[in-house]
Amino acid sequence: MSNADVDALTDLTAPSRPKYDMELGREVRPLIANMLGDGVSVIDPATTIWTASAAEDLRARIGDNPLVGTGQGQWDKLDKQLAGASREVVLLAAELVFLREHPVRSALPETRRAHVERVLAHLDSPVAIPPSMSTWLSRPSGTAGFEPGQAYNGSLWRHVIWASTFVRYWSGLPEADRASARNDPWELQRVMLASGEDRSDIRNALQFLARPDVFEPISSARMKEQIRTGLADRIGGATGSDAIAIDRDLLAIRAALTPEVEGAFHFWTPGVRELWDSSRTSSESGDSTAASDEPRPRHYWLYSPGAQASEWDDFSSRGVMGLGWDGIEDLATFASREAVRQALDVDGTGGSHRNASLALWQFQNEITVGDVVYAKRGRREIVGRGVVTSEARYEPERESFRHMRSVDWTHTGSWEHPGDAAIKTLTDITNYRDYVEQLETLVTGEAEPEPPVLVTELPAYDKEAFLSEVYLTEERYDRLSALLTRKKNAILAGPPGVGKTFAAKRLAYSIMGAKDPSRVQTVQFHQSYSYEDFMMGYRPTESGGFVLAEGPFYRFCEAAREDDNDRPYFFIIDEINRGNISKIFGELLMLIEADKRGHDLRLLYKNETFSVPPNVHIIGMMNTADRSLAVLDYALRRRFGFFQISPGFDSAGFLRWQQEAGSPSLDALVAVVVGLNEAIAEDPALGPGFAIGHSYLSKPLNGDADDAWLHSVVEDELVPLLEEYWFDEPAKAKEWTSKLRAAVA
């Protein structure tokens, strides 16, 4: 692709790029120009900082002294690493920190400024942030850029190392090569890739800032590849698998979509994302979570590097992990786990090869960059902990262990495994949170924070996105979000099938501005649920003793407390009226009140005071059609706002789905259900709280919205429900059953 071709494509795609994203690049153009040009600092123009010597000094301070496992945060570690640094090195670090956080959509302006000022505090003679940079730092959060996962946010030291390495490499290039890279975005990308071991997330961020007219505001290489793969047919197929080919293809794809999509767009804009993301649910409401486009949280894996860790010395020194089964060629060519199993079953015996096929499939398709791997020797020893840094690859030139990934082995040594480890070569242990925390504490000295770290992009989410997915009017959304913001606690009450759980999580996302499941946690109450399950209490151990264990609400509050107060967290309680509220909440009944946030009380089981942070919001769901539940505790009613969720058959979203379906049977069935709900509401033994929700007839996630589906909904869901509602009035149940069946006959 020549420069003329690039210019033509950038001109064509210019109207499709959101203006605020383009503004990010225009703002920092002087800083980028200095980095790639005369090397002068923007903060202190009298000092030249973009030099090989300053970059190597900064790299060495961090890369040669990583301070791994000290129990300190990344900014505390950077403070130690910058102690005694020259003016050039401190200014270089400050401007790299600025560039790293400038394109992060959700970063708060005060946080970004505080980080730059924290670095500048290491200067012997103070310097003020210039007015231009102050303006850049004042940009409100949520207005432009990309949403990275916490893998990006927590990789400060890796980002500074990579950027310093790039600056050092850039400084050593002939001027003719640098001039070419300044004018040609693909040559700039090639230079970045050639500068050392790639760190794609920070490279993608800097590429975007340098040329927002060419590169997408996406830090995740995995997401870029996913988008390109999903839309490659728009440009006649993918042109390659390397980073440059993927970014070239994305530019060409944007050019192909520009005439089709009205106005500016991102690749995750509603209506565009559905074009490439096959996992995105087309159902606009309901409680199902079978298909989800939410960012993937970090997973934890237990892994054996060969029998009795036979390959550990080699793998740990080379920064890799690998699997054997060398008779299986490139795993990327297998479309399913069953195909892997068949390849393992060379004799055609029909054997399950369950563990082997699962390990190979997960290694290739389920492990992702940012996941944590624990290497084990046998069943009683942990020998290392690392973070996955690459996608899977096949190395046919190796004699054995040809299925490989790169890993940053952050800890190596020998630790006694608590109990017996799983025998399997590869085991996903993510769901065993206590076990994961044991291993984290054992090896690193500190437990992983709750909720789990995210390793993929955070899609933006707002009121408009909520209204496109949830069958609620704009007026009712405004009322609901205002209620939750004011009261801090709200209960969504309604009959089954109105999408309470779905709406609760989407409400949280719309308020926070992004689909960030790390700030949302869900539990379900039941009759046996207790304070010890919810907050903390003593639990038995394998040795016959007891240990004090922290519950999900305690951990969630501590995670929220460590974050900025302006970043809201949401604790969702399903079936809140099934639990004994006084028994579960205990002293929390006072602390959750909006005007009691931040007030301390001594805990029942621990000699410490505790408060519920002001940025924690509680959303409960209450099924109004459950006859088995007692009247909700009045103490809880006073502390929560109540919002009724009703069937949304008349909402714009459901009417749009009806129109898209174009099914006379669906239209007839909806009309019958609307009439049925009127009869239920008028029944003194039932009432509106027993109405039939719209999710029964929302578009099915898996399968077609055909007559067979409608027949199943009637016979397998609605008819049994009516028989339960009117068990003492069989004639009425029979009357409405006949009407429902006639609608789909």
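Lys500 places a side-chain N or O within donor-acceptor distance of the main-chain N or O of Pro495, the cut-off being under 3.5 Å. Looking at Asp371, its side chain does come within 3.5 Å of a backbone N or O of His299 through a donor-acceptor pair. A donor-acceptor contact shorter than 3.5 Å links the side chain of Ser16 to the backbone of Thr13. Not a single donor-acceptor pair under 3.5 Å links the side chain of Asp574 to the backbone N or O of Met621. Using a distance-only test at 3.5 Å, with no hydrogens or angles considered, a donor-acceptor pair links the side chain of Asn677 to the main chain of Ile692. At least one donor-acceptor pair under 3.5 Å links the side chain of Ser220 to the backbone N or O of Met223. A side-chain donor-acceptor contact under 3.5 Å links Tyr725 to the backbone of Phe690. Listed for the Thr427 side chain is no donor-acceptor partner under 3.5 Å among the backbone atoms of Ala422. In this structure, the side chain of Asn615 engages the main chain of Ala560 through a donor-acceptor pair within 3.5 Å.
To the nearest 0.5 Å, atoms SG (Cys557) and CZ (Phe571) are separated by 8.0 Å. In this structure, CZ on Arg354 lies 8.0 Å from CZ on Arg337, to the nearest 0.5 angstrom. Atoms CG and CH2, on Leu257 and Trp276 in that order, are 12.5 Å from each other to the nearest 0.5 Å. We find the CG-CZ distance between Asn489 and Arg639 to be 9.5 Å, quoted to the nearest 0.5 Å. To the nearest 0.5 Å, atom CD1 of residue Ile618 and atom CD1 of residue Ile576 are 7.5 Å apart. Between the CZ atom of Phe640 and the CG atom of Leu492 there is a distance of 10.5 Å, given to the nearest 0.5 Å.
Other residues, nucleotides and ligands place more than 12 heavy atoms under 6.0 Å from the CD atom of Glu717.
If you look at Tyr509 and Phe466, their ring centroids are not closer than 6.0 Å.
Asp728 and Pro730 get closest at one heavy-atom pair: C-CD, 3.5 Å. Considering every non-hydrogen atom in both Pro552 and Tyr529, the closest pair reads CG-OH, 4.0 Å. The heavy-atom pair separating Val470 from Ala503 by the smallest distance is CG1-CB, 3.9 Å. Nearest heavy-atom pair, Trp657 versus Leu697, reported as atom, atom and distance to 0.1 Å: NE1-O, 2.9 Å. When every heavy atom of Lys583 is checked against every heavy atom of Ser528, the shortest pair comes out as NZ-O, 4.3 Å.
Between Leu588 and Met535, some side-chain heavy-atom pair lies under the 4.5 Å cut-off. Counting heavy atoms from C-beta outward, Phe525 and Phe534 have side chains that approach closer than 4.5 Å. Within the 4.5 Å cutoff, the side chain of Leu344 has heavy atoms near those of the Leu360 side chain. Residues Leu483 and Phe642 fail the side-chain proximity criterion, which asks for heavy atoms closer than 4.5 Å. Side-chain contact between Tyr471 and Phe649 is absent, with no heavy-atom pair separated by less than 4.5 Å. Contact check for Tyr461 versus Arg506: side-chain heavy atoms found under the 4.5 Å cut-off. Counting heavy atoms from C-beta on, the side chains of Ile491 and Phe643 never come closer than 4.5 Å. Residues Arg105 and Phe146 fail the side-chain proximity criterion, which asks for heavy atoms closer than 4.5 Å.
For the residue pair Tyr477/Ser510, the side-chain donor-acceptor check at 3.5 Å is satisfied. Side-chain contact, Asp716 with His711: no donor N or O sits under 3.5 Å from an acceptor N or O.
Listed by first then second residue, pairs satisfying salt bridge (Lys or Arg N to Asp or Glu O under 4.0 Å) with a partner in residues 250-269 read Glu216-Arg254, Arg234-Glu260, not counting sequence neighbours. Applying the salt bridge (Lys or Arg N to Asp or Glu O under 4.0 Å) test to residues at least two apart or on different chains, the pairs with a partner in residues 734-745 are Glu715-Arg741, Glu735-Lys739. Judged as a side-chain hydrogen bond (donor to acceptor under 3.5 Å, both in side chains), not a single pair has a partner in residues 641-655 (not counting sequence neighbours). Residue pairs meeting the salt bridge (Lys or Arg N to Asp or Glu O under 4.0 Å) criterion with at least one member in residues 472-484, sequence neighbours excluded, are Lys463-Glu474, Lys463-Asp478.
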Check your understanding: Stepwise, does the side-chain contact (heavy atoms from CB on, under 4.5 Å) test hold for Lys424 with Leu358?
Key -> CA-CA 10 Å; Lys424 294 190 302 179; Leu358 178 61; 4.2 Å; yes
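Contacts of Asp683 classified as salt bridge (Lys or Arg N to Asp or Glu O under 4.0 Å), with partners at least two apart in sequence or in another chain: Lys732. Not counting sequence neighbours, the partners of Thr333 by the side chain to side chain contact (heavy atoms under 4.5 Å, CB included) test are Asp330. Shown here are the side chain to side chain contact (heavy atoms under 4.5 Å, CB included) partners of Glu366, two or more places apart in sequence or in another chain: Trp301, Trp361, Gln362. Contacts of Tyr20 classified as ring-ring contact (aromatic ring centres under 6.0 Å, His included), with partners at least two apart in sequence or in another chain: none. Under the side chain to side chain donor-acceptor pair (under 3.5 Å) criterion, Tyr531 pairs with Glu587, not counting sequence neighbours. Evaluation of the salt bridge (Lys or Arg N to Asp or Glu O under 4.0 Å) rule for Glu391 yields Arg222 as partners, not counting sequence neighbours. Here Ile246 pairs with Lys224, Glu225, Arg228, Leu250 under the side chain to side chain contact (heavy atoms under 4.5 Å, CB included) rule; sequence neighbours left out. For Pro568, the side chain to side chain contact (heavy atoms under 4.5 Å, CB included) partners two or more places apart in sequence, or in a different chain, are Ile511, Met512, Arg519, Phe570, His617.
In this structure, Arg656 fails the cation-pi test against Phe654, since its NZ or CZ atom is not both closer than 6.0 Å to the six-membered ring centre and inside 45 degrees of the ring normal.
Partner of Ile227 under the side-chain contact (heavy atoms from CB on, under 4.5 Å) criterion, chosen from Leu275, Asp249, Ile218: Ile218.
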